[in-house]
Amino acid sequence: MKLTTVLCAILTLFSIQLENNDKNSVVPEKNKHTLNYVRQKSFSTKKIQSTNIHYTKINEIVNNLMGNKEIKKIENLYDIHFDLMYYLVTFENSGYLIYDLEAQDYQEYSETSSSPYLKYEKEMKIYVGPGNYCYLDDGTLKDIASGNTISASDQNNLETIYENIQDSKEEAQNVESTNSANDTNSINSRPDSYDLPYSYYFANLHENYSYNVYGTCAYISLQIILGYFNNFGGQGGLIPDEYIEKEQVYSEDPSQWTESAGSSFSFHNKLFDLGKSLNYGNGLTMPQLEKVHEEYAKLYAPSYNYSAAAAIFDEIALGKNDLLTAYLYLGCALVLGIKGIDENVSNDYITGHAVTAYGYVNKGEGYRVHFGEKYLDLTNVVIKDYTIDSFFALKYTSSHKHSQNYYYVEPEVITYMCPCGEYSYHYHDWEYTNLTSSSHTKVCKECNATIENEAHTFIGPGIFKTCSECGYSKLPSVGS
């Protein structure tokens, strides 16, 4: 059966059941070492090439991906073995790119987010794939996101993760060659690059979600996705109002809103409590995250319709990009499990990091993601497909319900705006206090908006004047 036929059936049912092929997909240890030796031999050939060749390739990549970007500087970036394996490219004003010397291609880049290494200009910088940013502090390896010293066991885990990424990169190149020789009509029927509608919601979400202080990145990704559908997916009320973080804006054009409305740390805790009720820990697999969402929908959004799917990929995942790009093109937001280690998970086992995907580039070669890490503020980063291990896809499909989480403030009225263009208005009902001869304070009886020590506006004929707002009367002074 053709891959396109299988994909069509999967998307029609909108659920996935993967057979457990672990025994067949795992490369025997001897073969793995052989693959690594071949890769290292190939890399040693590429590494001795002139630096100018790599710089030429970097300029070519930047021009193809971000033609308007001007390179500010190129720095050395080392792997977990402290060998030069990457270049860190930073751009004027904003943005960065991590160039893989072996693949002679990017491993991640952003047009708008600042480099995670921005504050560490003089230190030796270490990179172990997306989200795994480290540096040497007087000989001690430290994690940039948390600032914590990386333990010996975690350093061993990072070494394993690095090898996994390297192997996956090689397998991805083989898959790419296979796909080019096979039927690719399915993925060719979609645009080469695509972002979800209103993708700036994700890129502008800097503040209104939870800190990842407990290694609960999967819950944070779910929090972000629910916020997207609640605000820009026409699913107003999907998140209870008590957990909403509204956002004041200064334009009627949603694309000009520089910060996205979202939800609170308390909402994150509510999702985490649902996970605990299912006997899950801080870190989740994608199928577990799907179960957490099912519980949420049942308890807090029973009247809303949605479609969801989750899966863990095999080591060699033919058709992975066909599947993920299809879900995105159908309007699903994705949580991607990527190869990595979360410093906040208090277990001595290798775990991945969860990111929120809202677009793809070059037919799924890269995915545009929000990292869900406030300390890093990486809200608009493209990562390579071979760093992805698993996914959870979600789309809410109920009829449009307006949200009121963006508001514009004027002296006498607050305008609440749904991104669809529907407005609602709150007119202040003022109560006046602290009346003096020159001013008053007014407090809205409904929303508690307060304007203190506002000057009276006196009107009236002759020598008797009255404030047009609070009614305070100004008597003429003696002798006037």
Side-chain angles (χ1 to χ4, degrees), residues 46-47 49-137 141-147 158 162 165 169 193 195 199-200 202-206 258 338 340 353 355 359 361-362 365-384 387:
K46 294 179 180 179
K47 193 173 180 179
Q49 292 178 350
S50 167
T51 300
N52 289 334
I53 293 177
H54 289 301
Y55 281 17
T56 299
K57 186 66 176 178
I58 288 170
N59 277 284
E60 178 185 318
I61 293 170
V62 171
N63 288 332
N64 289 337
L65 297 174
M66 303 165 281
N68 60 337
K69 284 294 183 182
E70 182 179 345
I71 294 176
K72 182 178 182 180
K73 61 181 175 180
I74 300 176
E75 304 171 83
N76 291 343
L77 187 60
Y78 299 87
D79 65 18
I80 192 61
H81 303 296
F82 310 113
D83 292 326
L84 178 62
M85 179 62 81
Y86 312 97
Y87 285 140
L88 172 63
V89 183
T90 53
F91 304 116
E92 297 288 351
N93 300 321
S94 62
Y96 72 96
L97 180 144
I98 292 177
Y99 172 82
D100 185 323
L101 276 73
E102 178 184 25
Q104 297 186 350
D105 198 0
Y106 74 87
Q107 192 160 126
E108 67 176 82
Y109 72 87
S110 174
E111 302 97 324
T112 58
S113 294
S114 296
S115 162
Y117 299 97
L118 185 63
K119 298 178 181 178
Y120 303 92
E121 291 191 4
K122 297 181 180 180
E123 291 83 353
M124 184 178 185
K125 304 170 187 62
I126 312 298
Y127 178 70
V128 198
N132 305 310
Y133 314 111
C134 312
Y135 69 100
L136 277 182
D137 180 16
L141 189 63
K142 290 189 174 182
D143 174 66
I144 286 179
S146 66
L158 286 172
Y162 172 77
I165 290 175
K169 178 170 63 178
S193 299
D195 289 337
S199 61
Y200 47 77
F202 299 96
N204 293 338
L205 185 64
H206 304 285
T258 56
I338 63 174
H353 182 58
V355 298
V361 300
N362 195 22
E365 177 187 280
Y367 290 87
R368 192 173 299 279
V369 303
H370 186 298
F371 266 82
E373 290 280 2
K374 279 190 178 181
Y375 293 113
L376 297 175
D377 196 28
L378 298 175
T379 65
N380 178 23
V381 181
V382 174
I383 62 173
K384 279 289 191 178
T387 63

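Position 1 is the first residue of the sequence; numbering continues from there.
Legend: residues meeting ring pair (Phe, Tyr, Trp, His ring centres under 6.0 Å) with Tyr109, ordered by chain and number and at least two apart, are Tyr106. Lys374 is linked by a salt bridge (Lys or Arg N to Asp or Glu O under 4.0 Å) to nothing, counting only residues two or more places apart in sequence or in another chain. Take Thr56 and apply the side-chain hydrogen bond (donor to acceptor under 3.5 Å, both in side chains) test, not counting sequence neighbours, and it matches no residue. Remark: Asp79 pairs with Tyr162 by the side-chain hydrogen bond (donor to acceptor under 3.5 Å, both in side chains) rule, at least two apart or across chains. With sequence neighbours excluded, the residues satisfying side-chain hydrogen bond (donor to acceptor under 3.5 Å, both in side chains) with Glu75 are Lys125. Annotation: side-chain contact (heavy atoms from CB on, under 4.5 Å) contacts of Ser193 (sequence neighbours excluded): Val361. The ring pair (Phe, Tyr, Trp, His ring centres under 6.0 Å) check on Tyr96 picks up nothing, with sequence neighbours excluded. Considering only residues two or more places apart in sequence or on other chains, Phe91 meets the ring pair (Phe, Tyr, Trp, His ring centres under 6.0 Å) condition with none of them. For Tyr135, the ring pair (Phe, Tyr, Trp, His ring centres under 6.0 Å) partners at least two apart in sequence or on another chain are Tyr120. Ser199 is linked by a side-chain contact (heavy atoms from CB on, under 4.5 Å) to Asp195, Tyr358, counting only residues two or more places apart in sequence or in another chain. With sequence neighbours excluded, no residue satisfies salt bridge (Lys or Arg N to Asp or Glu O under 4.0 Å) with Asp377.
Separating the CD1 atom in Ile144 from the NZ atom in Lys119 is a distance of 10.5 Å, to the nearest 0.5 Å. Note that the CG atom of Leu136 and the NZ atom of Lys142 stand 11.0 Å from one another [nearest 0.5 Å]. Of the inter-residue distances, the one linking Asn93 atom CG with Thr112 atom OG1 reads 12.0 Å to the nearest 0.5 angstrom. Atom CG of Leu84 sits about 4.5 Å away from atom CG of Asn76, to the nearest 0.5 Å. Rounding to the nearest 0.5 angstrom, the gap separating the CZ atom in Phe371 from the CG atom in Leu376 is 8.0 Å. Atom CG of residue Leu158 and atom CG of residue Leu141 lie 7.0 Å apart, to the nearest 0.5 angstrom.
The closest side-chain heavy-atom distance from Ile98 to Val89 is not below 4.5 Å. At least one side-chain heavy atom of Ile338 sits less than 4.5 Å from a side-chain heavy atom of His353.
Of the N and O atoms on the side chains of Tyr87 and His54, not one donor lies less than 3.5 Å from an acceptor on the other residue. Under 3.5 Å, the side chains of Ser113 and Asn380 contain no donor-acceptor pair of N or O atoms.
Under a 4.0 Å N-O distance rule, the pair Asp105/Lys384 qualifies as a salt bridge.
Contact record, Gln107 with Ile165: OE1-CG2, 4.1 Å, taken as the closest heavy-atom pair. Shortest non-hydrogen contact noted between Val128 and Asn132 is O-ND2, 2.8 Å.
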Worked verdict on Thr379 versus Ser110 for side-chain contact (heavy atoms from CB on, under 4.5 Å): CA-CA 9 Å; Thr379 65; Ser110 174; over 6 Å; no
Walk me through it: do Asp100 and Lys169 pass the test salt bridge (Lys or Arg N to Asp or Glu O under 4.0 Å)? CA-CA 11 Å; Asp100 185 323; Lys169 178 170 63 178; 2.6 Å; yes
Yes or no on side-chain contact (heavy atoms from CB on, under 4.5 Å) for Tyr78 and Met124, after CA distance, side-chain angles and deciding distance? CA-CA 8 Å; Tyr78 299 87; Met124 184 178 185; 3.5 Å; yes
Run the numbers on Ile74 and Ile58 for side-chain contact (heavy atoms from CB on, under 4.5 Å), then give the verdict. CA-CA 10 Å; Ile74 300 176; Ile58 288 170; 4.2 Å; yes
Under the criterion side-chain contact (heavy atoms from CB on, under 4.5 Å), I'd like the reasoning laid out for Glu92 against Lys73: C-alpha separation, chi angles, the key distance, then a yes or no. CA-CA 9 Å; Glu92 297 288 351; Lys73 61 181 175 180; over 6 Å; no
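Aromatic ring orientation, Tyr127 versus Tyr133: parallel (interplanar angle below 30°, classes split at 30° and 60°).
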Can I get a per-line list of side-chain donor-acceptor pairs under 3.5 Å for residues 62-71, giving both atom names and the distance, sequence neighbours left out?
{"from": "Asn63", "atom 1": "ND2", "to": "Asn59", "atom 2": "O", "distance (Å)": "3.1"}
{"from": "Asn64", "atom 1": "ND2", "to": "Glu60", "atom 2": "O", "distance (Å)": "3.2"}
{"from": "Lys69", "atom 1": "NZ", "to": "Ser94", "atom 2": "O", "distance (Å)": "2.8"}
{"from": "Lys69", "atom 1": "NZ", "to": "Ser94", "atom 2": "OG", "distance (Å)": "3.4"}
{"from": "Lys69", "atom 1": "NZ", "to": "Glu111", "atom 2": "O", "distance (Å)": "2.8"}

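A distance-only check finds a donor-acceptor pair linking the side chain of His370 to the backbone of Leu205 [under 3.5 Å]. Here the side chain of Tyr117 pairs a donor or acceptor atom with the backbone of Ile126 at under 3.5 angstrom.
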